[in-house]
Amino acid sequence: MRIATWNVNSVGARLPKLIDWLGKAEPDVLCVQELKCAADAFPVDEVGELGYEVAAHGTGRWNGVAVLSKVGIDEVRRGLLDEPGFQADGAMFETQEPRAIGATCGGVRMWSVYVPNGREVGHPHYAYKLRWLDALRATAIEELAADRPFAVLGDFNIAPTDADVWDIAAFEGSTHVTEDERKALAALAETGLAEVYPRALKYDVPFTYWDYRQLRFPNNQGMRIDLVYGNERFTGAVADSYVDREARKGKGTSDHTPVVVDLDL
DNA sequence: ATGTCACACCTTGTGTGA
């Protein structure tokens with residue numbers, strides 16, 4: 001069974017690339033992030049022609065997550081347990097954002113997640129990021145009560161170690177590399193999850209994201225922020241895992257590239 | 001060079017977010 005995760009940065013803009021990649025990589029399940037479309041606007045017919053069913057959680061312009069599966073989609077859950085919302089500048093209330101969807105596909109329980117970016121250390125969005133990760137942890141604890149393969153896959157917007165960014169000096173004072181963010185990742189793992197570390201198809205570090213600007217991809221100045229955490233039933237079944245950097249090449253790509261996990265179940 | 005994308009709209013530029 002092949003499972004993958006990919007932040008597509010707009011499913012509308014990325015549809016040709018998405019269809020192309022699904023045809024080439026042939027994952028059984030794809031966890032998608034940054035749909036940037038409403039759930040009912042997801043191109044279900046186009047991916048349906050390739051044999052995929054869709055469970056989507058999206059509201060429009062921002063965020064949005066989905067699970068695409070050729071092996072069934074059951075027990076769909078939209079949103080985390082006690083998920084916090086974000087209170088935008090000038091807004092009276094917090095608004096929940098579509099950043100997490102859970103589903104069971106082919107006997108594997110999984111969540112597709114898009115962790116808040118944080119914007120800047122000290123920004124309200126950064127506090128929101130940490131609170132959101134708490135809710136993810138609580139959801140994982142709940143899910144781990146069932147004895148079955150379980151994984152959280154997605155764009156975590158955190159580099160687990162200094163080696164997971166192209167130049168740690170360039171990230172001084174930035175989000176994605178702070179102790180608090182890494183502690184939140186560690187707390188998630190302590191619930192009973194371990195990271196599946198993918199192979200790089202080129203270079204040393206399997207980066208999953210390269211900024212569109214400043215020739216970051218040609219210079220391989222990337223970050224490893226798209227991660228897979230699984231319980232023992234999941235990680236024990238991993239036969240292979242790699243980052244498909246080919247999908248980042250050329251024009252009209254996402255700034256992220258897919259992470260693929262092959263399981264022997 | 002805050003150098004690129006993508007989206008929405010009070011839309012053919014501008015603001016917002018990443």
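Throughout, a chain's letter reflects where its sequence line sits, starting with A, and its residues are numbered from 1.
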### Query
In the hydrophobic clustering that connects Ile, Leu, Val, Met, Phe, Trp and Tyr at side-chain heavy-atom distances below 4.5 Å, which members other than V54(A) occupy its cluster, ordered by chain and number?
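Under the 4.5 Å side-chain rule, V54(A) groups with W6(A), V8(A), V11(A), L15(A), L18(A), I19(A), W21(A), L22(A), L30(A), V32(A), L35(A), F42(A), V44(A), V47(A), L50(A), Y52(A), L68(A), L201(A), Y242(A), V260(A).
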### Query
Which ring pair (Phe, Tyr, Trp, His ring centres under 6.0 Å) pairs, counting each pair once, include a residue from residues 58-113 of chain A, with sequence neighbours left out?
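Every pair satisfying ring pair (Phe, Tyr, Trp, His ring centres under 6.0 Å) with a residue in residues 58-113 of chain A: F86(A)-H125(A), F86(A)-Y128(A).
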Could you tell me if [Y] and [X] have a donor-acceptor pair between their side chains, going purely by distance under 3.5 Å?
{"X": "T95(A)", "Y": "Q87(A)", "value": "no"}
{"X": "K129(A)", "Y": "N157(A)", "value": "no"}
{"X": "E53(A)", "Y": "S69(A)", "value": "no"}
{"X": "N7(A)", "Y": "E34(A)", "value": "yes"}
{"X": "D226(A)", "Y": "T208(A)", "value": "yes"}

### Query
Quick check: does any side chain N or O of T178(A) sit under 3.5 Å from a backbone N or O of T175(A), one acting as donor and the other as acceptor?
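Not at all, since once roles are kept as given, no pair shorter than 3.5 Å links the two residues.
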### Query
Where each residue is assigned the nucleotide of DNA chain B containing its nearest heavy atom, which of A13(A) and D255(A) is assigned the position nearer the 5′ end?
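The residue mapped nearer the 5' terminus is A13(A).
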### Query
Considering heavy-atom distances to DNA chain B, does L35(A) or Y212(A) have its closest nucleotide positioned more toward the 5' end?
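Mapping each residue to its closest nucleotide by heavy atoms, the 5'-most match is Y212(A).
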Specify the separation, in whole Å, of atom [atom1] of [X] and atom [atom2] of [N].
{"X": "R216(A)", "N": "dC5(B)", "atom1": "CZ", "atom2": "P", "result": "14 Å"}
{"X": "N7(A)", "N": "dA18(B)", "atom1": "CG", "atom2": "C1'", "result": "9 Å"}
{"X": "Y209(A)", "N": "dT4(B)", "atom1": "OH", "atom2": "P", "result": "13 Å"}
{"X": "N63(A)", "N": "dT16(B)", "atom1": "CG", "atom2": "P", "result": "17 Å"}
{"X": "H125(A)", "N": "dA18(B)", "atom1": "NE2", "atom2": "C1'", "result": "10 Å"}
{"X": "D211(A)", "N": "dA18(B)", "atom1": "CG", "atom2": "P", "result": "13 Å"}
{"X": "K129(A)", "N": "dA18(B)", "atom1": "NZ", "atom2": "P", "result": "10 Å"}
{"X": "W62(A)", "N": "dC5(B)", "atom1": "CH2", "atom2": "C1'", "result": "11 Å"}

### Task
With R109(A) as the cation and F150(A) as the aromatic partner, state whether NZ or CZ is under 6.0 Å from the six-membered ring centre and within 45° of the axis.
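Not flagged: R109(A) not positioned over aromatic ring of F150(A).
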Salt-bridge criterion met for [X] and [Y] (N-O under 4.0 Å):
{"X": "R77(A)", "Y": "E143(A)", "result": "yes"}
{"X": "E94(A)", "Y": "R131(A)", "result": "yes"}
{"X": "R224(A)", "Y": "D164(A)", "result": "yes"}
{"X": "E49(A)", "Y": "K70(A)", "result": "no"}

### Task
Indicate, with a heavy-atom threshold strictly under 4.0 Å, whether F86(A) touches base, sugar-phosphate, or nothing.
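Result for F86(A) = nothing.
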### Message
Need one value for R14(A): base, sugar-phosphate or nothing, where a base atom within 4.0 Å counts as base even if backbone is also close, heavy atoms only.
### Response
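Sugar-phosphate only.
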Strictly under 3.5 Å: I want the nitrogen or oxygen pairs between protein and nucleotides 8-13 of chain B, one per line.
none

[M] and [N], which share atom name [atom1], separated by this distance in whole Å:
{"N": "dT14(B)", "M": "dC10(B)", "atom1": "C1'", "result": "11 Å"}
{"N": "dA18(B)", "M": "dG3(B)", "atom1": "C1'", "result": "15 Å"}
{"N": "dA8(B)", "M": "dT12(B)", "atom1": "C1'", "result": "14 Å"}
{"N": "dT2(B)", "M": "dC7(B)", "atom1": "P", "result": "25 Å"}
{"N": "dT16(B)", "M": "dT11(B)", "atom1": "C1'", "result": "15 Å"}

### Task
Pull out every stem in DNA chain B, meaning runs of 3 or more consecutive Watson-Crick or G-U wobble pairs with both distances under 3.5 Å.
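If one scans DNA chain B for consecutive Watson-Crick or G-U pairs, the stems found are B:4-9 with B:13-18.
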### Task
Run the numbers on Y229(A) and F156(A) for ring pair (Phe, Tyr, Trp, His ring centres under 6.0 Å), then give the verdict.
CA-CA 11 Å; Y229(A) 284 89; F156(A) 281 75; 5.5 Å; yes
Short heteroatom pairs, N/O only, protein and nucleotides 1-3 of chain B, under 3.5 Å:
unit_1	atom_1	unit_2	atom_2	d
dG3(B)	O6	Q214(A)	NE2	3.2

#### Entry: Criterion side-chain hydrogen bond (donor to acceptor under 3.5 Å, both in side chains) against W210(A), the qualifying member of N220(A), N219(A), D255(A)
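That would be N220(A).
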### Query
Do any of residues 169-178 of chain A sit with a heavy atom less than 4.0 Å from DNA chain B, and if so which?
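Close to the strand, none.
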